[in-house]
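Just below is one structure, and these are the notes that go with it.
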Amino acid sequence: MSTAAVSLWTASTARARVRRRVLAFAAVGLVALFALLTLSLTIGEVPMPAGTALRALAGAGDAGDVLVVQQFRAPRAVAAIVAGAGLGAAGCVLQRLFRNPLASPDVMGVTGGASLGAVALIAAGASQTLIPVGALGGGLLAALLLGVFAWRSGLAVTRLVLTGLAVQAGLAAAVNLMIVRFPAELAGSALQWTTGSVYGRTWTEVWGAGGAMVVALVAALVLHRGLAVLDLGDDSAGALGLRSSAARLQLLFVAVASASLAAALAGPVTFVALAVPHVVRFVTGPPTAASLGLAGLTGAVLLLASDLVVQHLLPVQGLPVGAVTATLGAPWLLVLMFRHSSPLRGTRP
């Protein structure tokens, strides 16, 4: 057998192996998601069998069961799924776009922007239903600031990361200042929101953010080819006819929109967007178009599981889901920092 034939056979075998891993990972993730969703509908102060909960979700059965499932448990669970999917996909795009394992909406300022938008509406005495809108607007504002401050460098990778850290620090300082100046009755509400929570979500909020999230994730898949070309470097991308700055800006906007929509539902939840892409790469290998879908699925599973832990396993009642994800994220971030001695390792201006 010739060398070319051996190479072709090896590459084909490797691709088949990756496809099997992707399919197996997706199957396990879907089963886990369905199991967690069913569990979230059945346990609580009013426990019910799985069959009863699923029938109540469809609007059948006892009126009390239908009320508990449709109005209280299901919106919270679906909000966690939508927010987790958005965070997972956003982290996947950002880490690959910046070629940086520490890139996430937290680093790029989206978390600070979402917190600022929500806290500003709380300070203005706005309705609780408008707070997610403020979070979305704040996240997009952070993206605009990031683009304006980094534009002169042609949106170079190193400049974007450093500018994102500066934007995040500035917005976080503004949020802390506003909370300190709040009356006591508003400070508690603002502090709970800024740690991330899916408590009290309504179907109106879930369907609105969910529909927009679908658009954002489809756009990410469409733009994936540009992301693959950018992996070759700006010079090679330009030689292939791709305008690197424009493509990077489009991908950045999609990632920020996904993370902002997630923050609009769950607040600034940490760790999910940082960790999920690493889990997907560990299981499936080099990133592909399927990685985006798997990152969304993994993020949904992780955030829903964390919310169940908050509701039913912790002795302290009323903790936001961000408390669990932050507790998991701190050691994970330390591990990543030890593995990568420089925060900008692997980046290219």
At their closest point, which heavy atom of [X] faces which heavy atom of [Y], and how far apart are they?
{"X": "Ala74", "Y": "Leu57", "result": "CB-CD1, 3.7 Å"}
{"X": "Gly91", "Y": "Pro277", "result": "C-CG, 3.4 Å"}
{"X": "Ala263", "Y": "Ala114", "result": "CB-CB, 3.5 Å"}
{"X": "Ala83", "Y": "Ala262", "result": "O-CB, 3.4 Å"}
{"X": "Leu94", "Y": "Ser104", "result": "CD1-C, 3.7 Å"}
{"X": "Ser40", "Y": "Leu37", "result": "OG-O, 2.6 Å"}

Quick one: [atom1] on [X] to [atom2] on [Y], what's the gap to the nearest 0.5 Å?
{"X": "Arg73", "Y": "Leu39", "atom1": "CZ", "atom2": "CG", "answer": "10.0 Å"}
{"X": "Leu116", "Y": "Leu121", "atom1": "CG", "atom2": "CG", "answer": "9.5 Å"}
{"X": "His312", "Y": "Asp307", "atom1": "NE2", "atom2": "CG", "answer": "8.0 Å"}
{"X": "Ser115", "Y": "Met178", "atom1": "OG", "atom2": "CE", "answer": "11.0 Å"}
{"X": "Leu33", "Y": "Thr298", "atom1": "CG", "atom2": "OG1", "answer": "10.0 Å"}
{"X": "Leu144", "Y": "Phe253", "atom1": "CG", "atom2": "CZ", "answer": "10.5 Å"}

Spell out, yes or no, whether [X] and [Y] are grouped together once hydrophobic residues are joined by side-chain heavy atoms under 4.5 Å, including indirect joins.
{"X": "Val93", "Y": "Leu136", "value": "yes"}
{"X": "Val66", "Y": "Val68", "value": "no"}
{"X": "Val254", "Y": "Leu97", "value": "yes"}
{"X": "Leu87", "Y": "Val309", "value": "yes"}
{"X": "Val310", "Y": "Phe72", "value": "no"}

Under 3.5 Å: donor-acceptor pair, side chain of [X], backbone of [Y]:
{"X": "Arg21", "Y": "Val283", "value": "yes"}
{"X": "Gln70", "Y": "Ala56", "value": "yes"}
{"X": "Thr325", "Y": "Gly322", "value": "yes"}

Any side-chain heavy-atom pair of [X] and [Y] under 4.5 Å:
{"X": "Leu313", "Y": "Leu308", "value": "no"}
{"X": "Ile43", "Y": "Gln311", "value": "no"}
{"X": "Leu265", "Y": "Met213", "value": "no"}
{"X": "Thr270", "Y": "Leu274", "value": "no"}

Query raised in the report: Between Val110 and Ser260, is a side-chain contact (heavy atoms from CB on, under 4.5 Å) present by the stated rule, with each step listed?
Result: CA-CA 7 Å; Val110 178; Ser260 298; 3.7 Å; yes
Looking at residues at least two apart in the chain, or sitting in another chain, which of them share a side chain to side chain contact (heavy atoms under 4.5 Å, CB included) with [X]?
{"X": "Val78", "value": "Val82, Trp203, Val206"}
{"X": "Ala212", "value": "Leu261"}
{"X": "Val218", "value": "Val214, Val222"}

Report task. Please test Phe25 against Leu297 for side-chain contact (heavy atoms from CB on, under 4.5 Å), starting from the C-alpha separation and ending with a verdict. Result -> CA-CA 10 Å; Phe25 190 84; Leu297 177 60; 5.6 Å; no
Query - Step-by-step side-chain contact (heavy atoms from CB on, under 4.5 Å) determination, Leu292 to Leu217 - result: CA-CA 8 Å; Leu292 289 174; Leu217 294 180; over 6 Å; no
Query raised in the report: Can you list the steps and then say if Met48 with Val69 is a side-chain contact (heavy atoms from CB on, under 4.5 Å)?
Result: CA-CA 10 Å; Met48 61 185 71; Val69 170; 3.7 Å; yes
